[in-house]
K.L.:
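Below is a structure I'd like to ask you about.
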Amino acid sequence: MNIQPIGIFDSGVGGTSIWKEINRVLPDEHTIYLADSKNAPYGEKSAEEILALSEKNTQFLIARGCKLIVVACNTATTNAIAYLRAKYPIPFIGIEPAIKPAALQTVSKKIGILATQGTLSSALFHQTSKVVANGIELIEQNGEGLVPLIEQGRVDNPETKELLERYLNPMVAQGVDCIVLGCTHYPYLIPVIKSILPAHIHIIDSGEAVARQTKNILESHLLLAPKNKATHQFYSNAKLSILKEFLTGYEVEIAALDF
Ligand code: DGL
């Protein structure tokens, strides 16, 4: 079981930001990554649709023998992880907007959250927000349009920058000192985001925390892989060239999928 792969899925290429953290923290683990880019963006779908797609992705990974699944998508986690955990017998790791770490850092007591509509309107997100809301103002912003641009590989271009300015500037004007990136696609926008934000504003994302949590859970379930040369299989149901671009410099296999 220990040499079985970790399964990772996202609505597209964004979860590769999480895969990179996992690969850094757990270099011996074999991985299978599923990019459901044909169905991106998940963030504009109904909760039922997000759940059905997440289950389909899970079944794909379980059929390939994955010992643990990382839901590398805030939208899928907040809408589907409770259901997946209840239904399938392997451990699931999810990712949620890092409101709690931001709450510990903020001095202005105002936190901006950039996430998809699917995440912002989920019950799990509301629950977490309530817990930290105590004296802290959360300013939510739907990042509509950003995921499709990243899926086209258009990360550093005028259209992306203009959208980000439209989303970030009002939060800055309201006095936030932390901006939480609540979508796994957004870490790829950090250089552009930094060029827009004043230097004192912290940008917070959860990639590293997810990788650490994955390690902890593998350890506690006695599932850590022994030292070996890990292999990494990526599947996408859209243009492979874009996924390839996001994985430049990594030794991985990328295959097309009719899914
Ligand atoms: N990477 C997904 C997330 O973290 C993007 C969601 C989408 O496809 O809209 O939410």
Side-chain angles (χ1 to χ4, degrees), residues 7-22 33-58 61 69-82 84 92-99 102 112-126 128-129 140-155 160 163-164 167 179-190 193 203-211 213-214 234-239 242-243 245-247 259:
I8 303 170
F9 77 82
D10 179 37
S11 63
V13 298
T16 57
S17 65
I18 305 296
W19 176 84
K20 288 173 188 172
E21 294 291 342
I22 291 174
Y33 181 101
L34 172 58
D36 189 19
S37 293
K38 194 177 82 187
N39 292 305
Y42 280 14
E44 282 150 44
K45 297 191 186 316
S46 69
E48 292 72 29
E49 285 172 305
I50 297 165
L51 190 104
L53 291 168
S54 301
E55 179 155 35
K56 194 172 160 207
N57 298 338
T58 297
L61 294 169
I69 290 179
V70 178
V71 182
C73 175
N74 291 258
T75 312
T77 298
T78 49
N79 285 279
I81 203 160
L84 297 174
F92 284 84
I93 310 287
I95 179 160
E96 282 183 71
I99 314 176
I113 297 156
L114 188 62
T116 70
Q117 191 50 47
T119 295
L120 295 174
S121 50
S122 69
L124 188 56
F125 177 76
H126 282 136
T128 315
S129 321
E140 299 172 13
Q141 175 63 55
N142 171 7
E144 190 176 359
L146 292 172
V147 168
L149 283 168
I150 299 163
E151 284 293 316
Q152 292 162 31
R154 295 160 74 195
V155 168
T160 312
L163 253 190
L164 279 169
Y167 296 153
I179 296 217
V180 174
L181 303 184
C183 170
T184 56
H185 282 67
Y186 300 166
Y188 288 113
L189 300 175
I190 286 175
I193 292 175
I203 300 167
I204 299 178
D205 86 281
S206 351
E208 201 191 329
V210 169
Q213 174 69 353
T214 305
F234 282 72
Y235 293 97
S236 168
N237 51 13
K239 254 199 201 153
I242 306 252
L243 182 56
E245 253 175 58
F246 281 94
L247 292 164
F259 185 74

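Numbering of residues begins at 1 and proceeds along the displayed sequence. For the numbers below, each heavy atom of this structure counts, side chains included, while hydrogens, waters and symmetry mates do not. Atoms within a ligand are numbered from 1 in the order they appear, just like the ligands themselves.
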K.L.:
Say whether, by atom type as modelled, one donor and one acceptor occur between the side chain of Tyr42 and the main chain of Ser54 under 3.5 angstrom.
P.N.:
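Not confirmed, Tyr42 side chain does not pair with Ser54 backbone.
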K.L.:
Between Glu55 and Leu84, is there a donor-acceptor pair closer than 3.5 Å when you use the side chain of the first and the backbone of the second?
P.N.:
no
K.L.:
State which residue, out of Trp19, Tyr235, Phe234, fulfils the ring-ring contact (aromatic ring centres under 6.0 Å, His included) condition with Tyr33.
P.N.:
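The option that passes is Phe234.
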K.L.:
Taking atom NZ of Lys38 as the centre, does the number of heavy atoms from other residues, nucleotides or ligands within less than 6.0 Å exceed 12?
P.N.:
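Atom NZ in Lys38 is packed in, count exceeds 12.
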K.L.:
Select all protein residues for which some heavy-atom-to-ligand 1 distance is less than 4.0 Å, and list them by chain and number.
P.N.:
Asp10, Ser11, Pro41, Tyr42, Gly43, Cys73, Asn74, Thr75, Thr116, Val147, Cys183, Thr184, His185
K.L.:
Are any side-chain N or O atoms of Asn57 and backbone N or O atoms of Leu34, one a donor and one an acceptor, separated by less than 3.5 Å?
P.N.:
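Not at all, since once roles are kept as given, no pair shorter than 3.5 Å links the two residues.
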K.L.:
Could you tell me which residues satisfy side-chain contact (heavy atoms from CB on, under 4.5 Å) with Ala98, sequence neighbours excluded, listed by chain and number?
P.N.:
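So Ala98 forms a side-chain contact (heavy atoms from CB on, under 4.5 Å) with Pro101, Val180, Ile204, Ser206.
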